[in-house]
Q: 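Okay, here's the structure, questions in a sec.
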Amino acid sequence: MSAADLLVRGVTHAYGADVTLTYPDFTARAGEHLAITGPSGAGKTTLLHFIAGLLTPTSGDVTYGHTRVNALSEAARDAYRARTVGYVFQDFHLMPGYTALENVMLGLGLAGVRGARARDAARAALTRLGLGERAHHTPRQLSTGERQRVALARAVAHGPGLLLADEPTAHLDRARATQALTLLQDTARDLGATLIVVSHDPLVIDAFARHLHVGDRAAPALTAVVA
């Protein structure tokens with residue numbers, strides 16, 4: 001799927017009566033790479049969840065292409081994610097009893113791709129990420145870096161226009177973190193996808209030309225600045 005512009009306008013999110021996250025208006029152009037930075041607890045992952053349609057903000061709009069994501073029903077947001085979004089979770093969220101191939105096929109099934117077509121697409125995604133010979137191994141038989149690549153393969157096998165990653169280097173040593181980050185960026189470029197990464201890792205931050213910084217959690221109203 002071709003990437004589209006992402007627009008965030010007037011977005012806030014209230015946690016009870018005491019804490020409100022307030023985000024700036026910003027646009028990520030189709031195919032652009034953006035890092036969301038800031039301290040733990042400041043709302044970085046929450047913003048990523050708004051973009052993915054996993055949560056809806058208290059106020060404001062998240063628009064991807066012609067789709068006003070926050071205005072969709074829950075079922076429509078599920079369809080939007082299946083069609084448009086690839087999401088790499090911090091803890092990977094792989095099914096432990098499934099092989100790498102089956103984990104990727106499971107993601108494709110949610111996107112409506114099944115049967116031989118799903119198997120071929122899953123195998124191609126794993127091969128592209130250097131896991132062709134590990135396709136029939138379960139997560140417990142794979143290293144942390146390999147599990148992350150399976151998660152990335154699952155996220156991109158359906159060719160999303162929007163690729164989101166939450167703390168992609170959190171579980172990796174420096175050498176593997178560098179490799180994983182390069183792989184993530186290269187994969188996004190190959191797809192022509194818009195890439196948005198949440199991280200507080202200087203290695204990740206330095207690799208991105210554009211940043212959205214979410215401020216300190218100490219204040220009752222959190223603000224963010226975009227560079």
Side-chain angles (χ1 to χ4, degrees), residues 3 6 28 31-49 51-52 54 85-96 98-101 103-104 107 122 124-135 137-157 159-160 162-217 224-227:
L6 170 73
E32 186 173 14
H33 293 188
L34 171 69
I36 299 174
T37 68
S40 297
K44 303 186 301 297
T45 297
T46 299
L47 179 56
L48 207 66
H49 285 177
I51 295 167
L54 291 166
V85 179
Y87 200 117
V88 183
F89 292 92
Q90 181 176 344
D91 294 319
F92 311 149
H93 290 187
L94 300 177
M95 297 294 289
Y98 285 56
T99 65
L101 183 67
N103 266 283
V104 179
L126 289 168
T127 299
R128 184 166 58 244
L129 294 172
L131 291 172
E133 296 184 356
R134 308 288 276 169
H137 290 69
T138 62
R140 71 176 56 187
Q141 295 172 310
L142 301 173
S143 70
T144 301
E146 287 172 332
R147 290 197 296 273
Q148 186 179 58
R149 279 187 279 162
V150 173
L152 178 56
R154 182 184 58 192
V156 303
L162 185 57
L163 181 57
L164 310 176
D166 189 3
E167 299 286 2
T169 61
H171 302 295
L172 304 175
D173 60 33
R174 291 295 83 185
R176 289 185 175 86
T178 299
Q179 294 171 357
L181 181 58
T182 299
L183 189 62
L184 183 64
Q185 292 177 306
D186 288 348
T187 301
R189 290 189 190 98
D190 289 345
L191 290 172
T194 304
L195 173 63
I196 301 179
V197 171
V198 158
S199 184
H200 62 269
D201 185 345
L203 176 72
V204 176
I205 296 168
D206 289 346
F208 284 75
R210 191 173 180 218
H211 310 102
L212 179 76
H213 182 77
V214 177
D216 294 330
R217 189 173 173 77
V225 294
V226 65

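Residues take their numbers from the sequence shown, with the count starting at 1.
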Q: Who pairs with Ala153 by side chain to side chain contact (heavy atoms under 4.5 Å, CB included), at least two apart in sequence or on another chain?
A: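 For Ala153, the residues satisfying side chain to side chain contact (heavy atoms under 4.5 Å, CB included) (neighbours in sequence not counted) are Val104, Ala125, Leu126, Leu129.
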Q: Hey, are the side chains of Gln148 and Leu183 touching, using non-hydrogen atoms and a 4.5 Å cut-off?
A: no
Q: Checking Gln185 side chain against Ala207 main chain: does a donor-acceptor pair fall under 3.5 Å?
A: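 Yes; judged by distance alone, with no hydrogens or angles, the pair exists.
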Q: To the nearest 0.5 Å, what is the distance between CG (Leu163) and OG1 (Thr194)?
A: 9.5 Å
Q: Thr99: what forms a side-chain hydrogen bond (donor to acceptor under 3.5 Å, both in side chains) with it, not counting sequence neighbours?
A: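 So Thr99 forms a side-chain hydrogen bond (donor to acceptor under 3.5 Å, both in side chains) with Glu102.
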Q: Tell me every residue that passes salt bridge (charged side-chain N to carboxylate O under 4.0 Å, His left out) with Glu167, counting only those two or more places apart in sequence or in another chain.
A: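 Salt bridge (charged side-chain N to carboxylate O under 4.0 Å, His left out) list for Glu167, sorted by chain: empty.
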Q: Any pair with a residue in residues 172-208 that passes ring-ring contact (aromatic ring centres under 6.0 Å, His included), sequence neighbours left out, goes on the list, sorted by first then second residue, please.
A: none
Q: To the nearest 0.5 Å, tell me how far Ile196 CD1 sits from Arg210 CZ.
A: 9.0 Å
Q: Could you work out, with side-chain hydrogen bond (donor to acceptor under 3.5 Å, both in side chains) as the rule, every residue matching Thr138, not counting sequence neighbours?
A: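 Once residues adjacent in sequence are excluded, the partners of Thr138 under the side-chain hydrogen bond (donor to acceptor under 3.5 Å, both in side chains) criterion are Gln141.
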Q: Only counting residues at least two apart or in another chain, list the ones meeting side chain to side chain contact (heavy atoms under 4.5 Å, CB included) with Gln179.
A: Arg176
Q: Applying side-chain hydrogen bond (donor to acceptor under 3.5 Å, both in side chains), name anything that partners Gln90, two or more places apart in sequence or on another chain.
A: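 Partners of Gln90 under the side-chain hydrogen bond (donor to acceptor under 3.5 Å, both in side chains) test: none.
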Q: Quick one: side chain to side chain contact (heavy atoms under 4.5 Å, CB included) partners of Arg174, sequence neighbours excluded?
A: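 For Arg174 the side chain to side chain contact (heavy atoms under 4.5 Å, CB included) partners, ignoring immediate neighbours, are Thr169, Ala177, Asp201, Leu203.
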Q: Determine whether more than 12 heavy atoms belonging to other residues, nucleotides or ligands lie under 6.0 Å from atom CZ of Phe89.
A: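 Enclosed: over 12 neighbouring heavy atoms sit under 6.0 Å from CZ of Phe89.
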Q: Looking only at heavy atoms, what is the nearest atom pair of Pro96 and Pro139, with distance?
A: O-CD, 3.6 Å
Q: Can you tell me how far OH of Tyr98 sits from CG of Asn103, rounded to the nearest 0.5 angstrom?
A: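 Here the interatomic distance stands at 8.5 Å.
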Q: Please identify each residue that fulfils side chain to side chain contact (heavy atoms under 4.5 Å, CB included) with Thr144, with sequence neighbours left out.
A: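 With neighbours one apart ignored, the set is Phe92, Arg147, His171, Leu172.
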Q: Can Val197 and Leu181 be said to form a side-chain contact (heavy atoms from CB on, under 4.5 Å), step by step?
A: CA-CA 10 Å; Val197 171; Leu181 181 58; 5.6 Å; no
Q: Roughly how far, to the nearest 0.5 Å, is CG of Leu195 from CD of Glu32?
A: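 Atom-to-atom, Glu32:CD and Leu195:CG are 10.5 Å apart.
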Q: Where do Ala193 and Ala3 come nearest, in terms of heavy atoms and distance?
A: CA-CB, 4.3 Å
Q: What are the two closest heavy atoms between Leu101 and Ala122, and how far apart are they?
A: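 Shortest heavy-atom contact: CD1-CB, 3.7 Å.
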Q: Any non-hydrogen side-chain atom of Leu34 less than 4.5 Å from a side-chain atom of Leu6?
A: no
Q: Looking at residues at least two apart in the chain, or sitting in another chain, which of them share a side-chain hydrogen bond (donor to acceptor under 3.5 Å, both in side chains) with Asp190?
A: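 With neighbours one apart ignored, the set is empty.
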Q: Could you grab the distance from atom CD1 of Ile36 to atom OG1 of Thr45, nearest 0.5 Å is fine?
A: 8.5 Å
Q: With rounding to the nearest 0.5 Å, note down the distance linking CG in Leu131 to NE2 in His137.
A: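 Here the rounded value is 10.5 Å.
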Q: Under the salt bridge (charged side-chain N to carboxylate O under 4.0 Å, His left out) test, which residues partner Arg134, sequence neighbours left out?
A: Glu146
Q: Among pairs that include at least one residue of residues 176-198, which meet ring-ring contact (aromatic ring centres under 6.0 Å, His included), considering only residues two or more places apart or in two chains?
A: none
